[in-house]
Amino acid sequence: EKSPIIGFYQQYGTAIDIEDALQKAYEQFPMSGEQGIFGRDTFDVRHCEVILANLAGAKAISIGTVMEIQRGYDLDRYVLVVMEPNGLHDHPFVRRAASIVVPTLEEAMHVITAMGAPYASLVN
């Protein structure tokens, strides 16, 4: 089953650089080419409940993740952004489109746990 949390882009502790990912794309495989990546990501944003964007430690601006944050905002999704103050992505557009911004992934996990707490009794 698909997790309702998307936008969690982390590779070796840093945000994935979308340009680097596109250079490694294989256009002969529809879902790994430019249109496939865009289509899949926009589909995921439309069908999720929460977007977790981990921008902590980013070494390059992730335009794709910023686009997903904005689309999530436009679609009234809960957008949880992890980024350090004064980091590469610390910009008014990112802060305003986020439902909440926290500086660490650990804090993000606490937010997600707290979000699910009211529903925990329904699972048992």
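For the atom pair Ile37 CD1 and Thr42 OG1, the distance stands at 12.0 Å (nearest 0.5 Å). Note that OG1 of Thr65 is 6.5 Å distant from NE2 of His89, once rounded to the nearest 0.5 Å. Here the straight-line distance linking atom CD of Glu68 with atom CG of Asp44 works out to 7.5 Å at 0.5 Å rounding.
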Derivation of the side chain to side chain contact (heavy atoms under 4.5 Å, CB included) call for Val101 and Leu55: CA-CA 10 Å; Val101 176; Leu55 301 169; over 6 Å; no

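Among all heavy-atom pairs drawn from Pro85 and Pro103, the shortest one is CD-CB, 4.4 Å. Of all heavy-atom pairs spanning Leu88 and Ile61, the tightest one is O-CD1, 3.2 Å.
You'll find the side chain of Met109 reaches within 4.5 Å of the side chain of Leu52, heavy atoms only. Looking at Val102 and Val111, their side chains come closer than 4.5 Å, going by heavy atoms from C-beta outward.
Of the listed residues (Ile51, Val94, Val66), just one forms a side chain to side chain contact (heavy atoms under 4.5 Å, CB included) with Val81, and that residue is Val94.
Within the structure, the salt bridge (Lys or Arg N to Asp or Glu O under 4.0 Å) test picks out no pair touching residues 100-113 (sequence neighbours left out).
Taking His110 as the reference, nothing meets the ring-ring contact (aromatic ring centres under 6.0 Å, His included) condition, with sequence neighbours excluded. Contacts of Arg95 classified as side-chain hydrogen bond (donor to acceptor under 3.5 Å, both in side chains), with partners at least two apart in sequence or in another chain: Asp90. By the ring-ring contact (aromatic ring centres under 6.0 Å, His included) test, Phe93 pairs with His91, sequence neighbours left out.
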Less than 3.5 Å apart, which donor and acceptor atoms pair up between the side chains of residues 72-80 and the rest of the protein, not counting sequence neighbours?
residue: Asp74; atom: OD1; partner: Gln70; partner atom: NE2; Å: 2.8
residue: Asp74; atom: OD2; partner: Gln70; partner atom: NE2; Å: 3.4
residue: Arg77; atom: NE; partner: Val45; partner atom: O; Å: 3.3
residue: Arg77; atom: NE; partner: Cys48; partner atom: O; Å: 2.8
residue: Arg77; atom: NH1; partner: Leu75; partner atom: O; Å: 2.7
residue: Arg77; atom: NH2; partner: Arg46; partner atom: O; Å: 2.4

